[in-house]
Amino acid sequence: RIYVFKNVMAYRIGPNWNATVPEIESALAANRFVECSPGQDKSVGWTEPRGVAHGPLLESVGGQWIAKLLIETKAVPSSVVKRKAELQAKDIEEKTGRKPGKKEQREMREDILHSLLPQAFAKQGAVMVWLNPKDRLLAIDAASTGKADEVITQLVRALPGLDLNLLQTATSPQTGMAAWLLATDPDELPPTLSVEKECVLKSGAEDQPMVKYTRHVLNTDEVRKHVRDGKLPTQLGLSWDGKASFVLTDNLQFKKISFLDGSEPEAIGAEGDDKFDADVVLSTGMLGPLIQDVVTALGGENVFAEAASSEEGPPF
């Protein structure tokens, strides 16, 4: 598999940003990924989403734009740094009779860390970015808000004037998921969504227990009692139109996305560039309607005040 989103955090692109593919390509090229230098612990930059050296940094396939952020980190175990610093401090005390102060110890640890970085193994991780210019939607394949925030920072840095707002719905995802769990009649559920067998319920109080269901039928009185007692869903497994399954979170993240019944792009059988193009067309072609249906099920998009005061952004 070359490319399929497994997670989605979705953002609305502001109405005043209208960069072209060549403009974005040029901007990303100025922030191209370069491997960590021997004394560097982290490097972040854009790389070819198709995986072909010296290829475009922004791929346009069927009107959908794909970019790829590469993050390389090198880590030295803190226990190693601490042990070496303690030995160095002990040596100084034995030779001079003076115990290093806090500032000197901190500087020693920093020096030791930098001396060990050239020996540290580098770890790389890639994050795919999907821009739908027609619908003014941007999606990041990130399972955590921290990772998504890092990508957003790099996007805004590379693309001046890019205005992004996290996609929000009129009804909060938690309220919607709670209503779906309380439903006793299938007709009470959104037409293209079905509740699956995974759920996390949490009380608003931190010291209260959490209930987690895995591979468990959720249409039960026990689950409904938990919800009525104030344990609200923070994650809920759902399936969409018999084509995909995913876990929806209380901050409108889509996790563990999986295509069903031969719908997965891998089933197409194409290779090379054709496979990449097929993956992009099929995965974005399914994710767009999936996101739209979830937003509709949650009362539609909660348009931001600044967007509403101008011209309302287009639908998906």
Side-chain angles (χ1 to χ4, degrees), residues 1-29 31 46-52 55-69 126-142 148 151-152 154-156 158-167 192 240-241 243-244 246 252 254 257 259 263-296 300-301 303 307 310-316:
R1 178 179 60 81
I2 298 175
Y3 166 76
V4 173
F5 270 93
K6 292 299 182 186
N7 307 280
V8 162
M9 291 198 69
Y11 300 80
R12 179 65 71 199
I13 301 172
N16 299 320
W17 186 79
N18 294 290
T20 63
V21 169
E23 289 170 344
I24 298 174
E25 175 72 29
S26 177
L28 297 185
N31 296 270
W46 301 97
T47 191
E48 300 87 350
R50 200 178 288 269
V52 178
L57 295 177
L58 184 72
E59 292 284 353
S60 179
V61 180
Q64 307 301 318
W65 300 349
I66 304 296
K68 182 179 180 180
L69 187 72
V127 184
M128 304 300 288
V129 179
W130 163 35
L131 293 93
N132 182 337
K134 179 177 178 292
D135 296 340
R136 307 197 70 80
L137 178 76
L138 182 142
I140 297 173
D141 188 355
V151 178
I152 293 297
Q154 295 299 322
L155 280 168
V156 172
L159 305 172
L162 177 62
D163 177 27
L164 296 173
N165 285 307
L166 190 64
L167 194 66
T192 58
W240 171 75
D241 205 24
K243 297 177 182 177
F246 61 99
L252 204 63
F254 299 77
I257 298 169
F259 295 100
S263 302
E264 189 162 349
E266 293 171 279
I268 297 302
E271 297 181 357
D273 284 351
D274 289 340
K275 179 167 175 54
F276 178 89
D277 292 348
D279 284 352
V280 170
V281 170
L282 288 171
S283 55
T284 59
M286 291 225 288
L287 286 173
L290 184 157
I291 295 170
Q292 178 183 3
D293 280 1
V294 171
V295 169
T296 299
E301 186 173 352
V303 181
S310 59
E311 184 177 350
E312 184 173 330
F316 285 96

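- Distance alone, capped at 3.5 Å, places no donor-acceptor pair between the Arg12 side chain and the Asp163 backbone.
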Just do the side chain to side chain contact (heavy atoms under 4.5 Å, CB included) check on Gln64 and Val281 with the steps written out, would you? CA-CA 8 Å; Gln64 307 301 318; Val281 170; over 6 Å; no
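- For Thr296 (side chain) and Gln292 (main-chain N/O), a donor-acceptor pair under 3.5 Å exists by modelled atom type.
- Across Ala148 and Ala142, no two heavy atoms sit closer than the pair N-CB, 3.8 Å.
- Residues passing the side-chain hydrogen bond (donor to acceptor under 3.5 Å, both in side chains) test with Asp241, sequence neighbours excluded: none.
- Under the rule for a side chain to side chain contact (heavy atoms under 4.5 Å, CB included), the partners of Ala67 that lie at least two apart in sequence or sit in another chain are Leu28, Trp46, Leu58, Val129.
- Every residue meeting the side-chain hydrogen bond (donor to acceptor under 3.5 Å, both in side chains) condition with Glu48, not counting sequence neighbours, appears here in chain and number order: Arg32.
- Listed here is the closest heavy atom pair of Pro133 and Gly63: CD-O, 3.4 Å.
- For Phe5 against Ile140, the heavy-atom pair with the smallest separation is CE2-C, 3.6 Å.
- With a 4.5 Å cut-off on side-chain heavy atoms, Val294 and Trp240 do not count as touching.
- Every residue two or more places apart in sequence or in another chain was checked for a side-chain hydrogen bond (donor to acceptor under 3.5 Å, both in side chains) with Thr47, and none qualifies.
- Listed here is the closest heavy atom pair of Leu167 and Ile291: CD2-CG2, 4.0 Å.
- When side chains are defined from C-beta on, Ile66 does not count as touching Val61, because their heavy atoms never get closer than 4.5 Å.
- Residues Glu23 and Ala19 come closest through the heavy atom pair OE1-CA, 3.3 Å.
- Residues passing the side-chain hydrogen bond (donor to acceptor under 3.5 Å, both in side chains) test with Asn31: none are found, sequence neighbours excluded.
- Remark: Ala29 engages Leu57 in a side chain to side chain contact (heavy atoms under 4.5 Å, CB included) (not counting sequence neighbours).
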Evaluation steps, side chain to side chain contact (heavy atoms under 4.5 Å, CB included), between Asn132 and Thr284: CA-CA 9 Å; Asn132 182 337; Thr284 59; over 6 Å; no
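- Ala27 pairs by the side chain to side chain contact (heavy atoms under 4.5 Å, CB included) definition with Leu159, not counting sequence neighbours.
- By the 4.5 Å heavy-atom criterion applied to side chains, Leu287 and Phe254 are not counted as neighbours.
- A salt bridge (charged side-chain N to carboxylate O under 4.0 Å, His left out) check over residues 55-66, counting only residues at least two apart or in different chains, returns the pairs Arg50-Glu59.
- Scored by the side chain to side chain contact (heavy atoms under 4.5 Å, CB included) test, Ser60 finds Val21, Trp65 as partners (sequence neighbours excluded).
- Of the possible donor and acceptor atoms, one in the side chain of Asp141 sits under 3.5 Å from a partner among the backbone N and O of Asn7.
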